[in-house]
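Some notes on the structure that comes next.
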Number of protein chains: 2
Amino acid sequence: MDTLETRELRYFVTVAEELHFSRAAKRLGMAQPPLSRAIRQLERRLGVTLLERNRSGVMLTGAGHVLLGEARGILDAAAAATRRTRRAASSTNRLTLATKAGANHELLRKLLDAHAAEPGAAEIEVLLCGMGDQARMLRDGRADVALMQRPFDALAGFDTEDLHTEQQVAVLPAVHPLAARTSLTMADISDVPDLPVARWPRQDGTYEPGPGPEIHDQSQLAQLIALGHTVAVICASSRAWLWSAHAAIPLTDAPHVTTVLAWPSQSRSQAVASLVRTASQL
Amino acid sequence: MDTLETRELRYFVTVAEELHFSRAAKRLGMAQPPLSRAIRQLERRLGVTLLERNRSGVMLTGAGHVLLGEARGILDAAAAATRRTRRAASSTNRLTLATKAGANHELLRKLLDAHAAEPGAAEIEVLLCGMGDQARMLRDGRADVALMQRPFDALAGFDTEDLHTEQQVAVLPAVHPLAARTSLTMADISDVPDLPVARWPRQDGTYEPGPGPEIHDQSQLAQLIALGHTVAVICASSRAWLWSAHAAIPLTDAPHVTTVLAWPSQSRSQAVASLVRTASQL
DNA sequence: CGCGGTGATACCCGGCGGGTATGACAGCGC
DNA sequence: GCGCTGTCATACCCGCCGGGTATCACCGCG
């Protein structure tokens, strides 16, 4: 009566993304007529029109927009479910931990050491990923736990354990006048016209407009700072990767950053639980 | 290749719950052989054994346990998706707000009034539910937004906006010696042998063991306190429903309670967004 | 050693998901 | 105006797979 099949959702999402039945059918590796029929069936079962078909084009209705979001979530969850199930079967005593490359050296080292000291500890595979990929890894089942940072990372849907809170610092070229200060405020560094703040890409790969250079990794950033082209705000523990041409000055009014251990809220495997227990005693 | 169909998940969940193919088939309204076959197919596609069939009985494997949790989530999400889609279609400018019956009178009244004053405000239907049902309502698409309380309610997976923080108070029989005090601590009330703290049911309807009476609604609780059989800890704004035979004494060391407006993290319908905006200006 | 009860196997059938061919209709260039 | 092109919908056919029935293999048990 009203049970959405993932196949239908897959079809609907593709059509909604393409806004074009023939192209969507092609992407799905099928012919257009059965796809049209499947969507019609879905609409009839829901009793809702999801797509507005007028001449030359297809538009999403409001309800269609809602279903698109829901369907994406469900499909992601389904893909995650197969991964998690397979991993649970293949390796009973093994965990994958996702962390931002180049951050939390210190903390991660301590966590891994403490965990390894536990009797019967699970083997931990560390998965380095860039800029907020941890959430995706965790959500889609490629990782079991992740090191993430509040308030930067989206923690919705995860359970977390706070590990460590620290200040943020401004990273400047060592030769810059501000580098001589012992502390700075956010206003100090946002007001400097010759040092525009660097811009990281958003989820979709685009950049928000602004004067600063567009960057996508840490080494780029480090170089640009050393060249005197930009300034960055990072958390104190990331000073590890700084160069001698850099100066790190504490920021008095930047929000504190808390590194947390995060895991999917339901998944209470005993391996995860044990790691969390270890972490909470650090 | 590796796309879980919700039908399969439904089958698997039922079998995992019954741990019995014939009974599961009956519950699903089908015969046992096709069910067995469906599960086998699922196992083959995943390349994982989910159920241990030995003589006289079926047991879940570790992987099966993982999949059970995932599958439940996916099925819930699918059911929620149909509800949300249907509601989005039937009523473009209408919201359902879930709240705990008997709590937040004051705040809810203010929120509704402020919202009604907005031009083009959505019509709001208030859905009263008991003890932490709001999370379920929100999750399964029966409600669009909910008033919930930190740290009591499970907020994982929701976006929230803090509305109001308040102290908790102990509610005692007015005639009890402690009722004469101007403030109390948690230790004060947990140490009183003649007034064991009442116990609310957990999610699954069971009670954790303890001396206090088992209750399941507020009027019960009120009566038991008035009779001098128990003591309760509630947040200050709930004093509205107290009787004259009750005394409410501030607790100095109980955690503060924050009432929040919560909504599913992805669902950013403009009606919800508008209500959140209104709420944030209260 | 039958007997009841488990899940697994064998086999059949109907419906439905998929394909091809075609239609209805709008926009557009001539 | 008239094709031409490209859109989605309709009509029709077919093979597969999901579901049913009958039965088997196995185990515990009196």
Side-chain angles (χ1 to χ4, degrees), chain A residues 1-61 63-65 67-68 71 74-75 78, chain B residues 1-61 63-65 67-68 71 74-75 78:
Chain A
M1 173 60 153
D2 58 340
T3 45
L4 301 176
E5 286 304 316
T6 60
R7 182 179 46 84
E8 306 177 290
L9 295 179
R10 220 165 37 242
Y11 289 0
F12 174 68
V13 168
T14 310
V15 172
E17 282 173 357
E18 295 284 347
L19 291 177
H20 196 289
F21 279 80
S22 306
R23 276 201 302 273
K26 200 168 170 189
R27 246 182 65 189
L28 288 163
M30 65 188 292
Q32 168 259 319
L35 178 58
S36 287
R37 195 180 49 181
I39 301 289
R40 276 235 173 283
Q41 276 180 5
L42 177 61
E43 289 182 319
R44 257 188 296 124
R45 270 224 321 272
L46 286 171
V48 164
T49 53
L50 301 168
L51 297 164
E52 206 64 61
R53 294 95 153 155
N54 49 13
R55 52 216 171 281
S56 79
V58 176
M59 280 298 299
L60 271 178
T61 65
H65 206 77
L67 184 60
L68 177 57
I74 292 171
L75 294 178
Chain B
M1 172 61 150
D2 58 338
T3 46
L4 301 177
E5 287 303 317
T6 61
R7 182 179 46 85
E8 306 177 288
L9 296 179
R10 222 164 35 242
Y11 289 180
F12 173 69
V13 168
T14 309
V15 172
E17 282 173 356
E18 295 284 346
L19 291 178
H20 195 289
F21 278 79
S22 306
R23 275 202 303 273
K26 200 168 169 187
R27 246 182 64 187
L28 288 164
M30 65 188 292
Q32 168 258 319
L35 178 58
S36 286
R37 195 180 50 181
I39 301 289
R40 275 235 174 283
Q41 276 180 5
L42 177 60
E43 290 182 320
R44 257 189 296 125
R45 272 227 315 280
L46 287 170
V48 164
T49 53
L50 302 167
L51 297 164
E52 208 62 61
R53 295 96 155 153
N54 48 14
R55 53 217 171 278
S56 81
V58 175
M59 280 297 300
L60 272 178
T61 64
H65 207 78
L67 184 60
L68 177 57
I74 292 172
L75 294 179

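Because the structure is a prediction, the values reported are computed rather than measured. Letters go in sequence order (proteins before strands), and every chain restarts at 1.
- Rounded to an integer number of Å, the gap from B/Met59 CE to C/dG7 P is 14 Å.
- Of the side-chain N and O atoms in A/Ser36, one or more sit less than 4.0 angstrom from OP1 or OP2 of D/dA9.
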Give the intermediate values and the outcome of side-chain hydrogen bond (donor to acceptor under 3.5 Å, both in side chains) for residues A/Glu52 and A/Thr61.
CA-CA 6 Å; A/Glu52 206 64 61; A/Thr61 65; over 6 Å; no
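- Atom C1' of nucleotide D/dA11 and atom CZ of A/Arg40 are separated by 15 Å, given to the nearest angstrom.
- With rounding to whole Å, A/Leu35 atom CG is found 14 Å from C/dT20 atom P.
- Taking 4.0 angstrom as the limit, B/Arg53 places none of its side-chain polar atoms (N or O) nearer than this to OP1 or OP2 of D/dC27.
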Sugar-phosphate or base contact per nucleotide [nucleotides 10-15 of chain C; S, B, -; heavy atom under 4.0 Å]:
------
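- In this structure, A/Arg44 places its CZ atom 12 Å from P of D/dA9, rounding to the nearest Å.
- Spacing between atom OH of A/Tyr11 and atom P of C/dC16 amounts to 15 Å, rounded to whole angstrom units.
- Of the residues in residues 17-32 of chain A, A/His20, A/Phe21, A/Ser22, A/Gln32 come within less than 4.0 Å of DNA chain D through at least one heavy atom, sorted by number.
- The backbone N or O of B/Phe21 lies less than 3.5 Å from no partner atom in the side chain of B/Arg23, so there is not a single donor-acceptor pair.
- In this structure, the CG atom of A/Leu50 is 16 Å from the P atom of D/dC8, given to the nearest Å.
- By the 4.0 Å N-to-carboxylate-O rule, B/Glu18 lies too far from B/Lys26 to be salt-bridged with it.
- Atoms CG and CE, on B/Leu19 and B/Met59 in that order, are 6.5 Å from each other to the nearest 0.5 Å.
- Side-chain contact of A/Thr49 with A/Glu43: a donor-acceptor pair under 3.5 Å is absent, judged by distance alone.
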Under the side-chain contact (heavy atoms from CB on, under 4.5 Å) criterion, do B/Thr3 and A/Arg7 qualify, and how do the steps go?
CA-CA 8 Å; B/Thr3 46; A/Arg7 182 179 46 84; over 6 Å; no
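- Distance B/Leu51 CG to C/dG7 P: 10 Å, rounded to the nearest Å.
- Among the heavy atoms of the strands lying under 4.0 Å from B/Gln41 are primed sugar atoms or P, OP1, OP2 only; no base atom is included.
- Taking atom CD of residue B/Glu52 and atom P of nucleotide C/dA8, one finds them 12 Å apart after rounding to whole Å.
- Across every non-hydrogen atom of A/Leu4 and A/Arg45, the tightest pair is CA-NH2, 4.1 Å.
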Trace of the side-chain contact (heavy atoms from CB on, under 4.5 Å) decision for B/Leu75 with B/Phe12:
CA-CA 11 Å; B/Leu75 294 179; B/Phe12 173 69; over 6 Å; no
Tell me which donor-acceptor pairs under 3.5 Å the side chains of residues 28-39 of chain A have, and how far apart each pair is, sequence neighbours excluded?
residue	atom	partner	partner atom	Å
A/Gln32	NE2	A/Ser36	OG	3.1

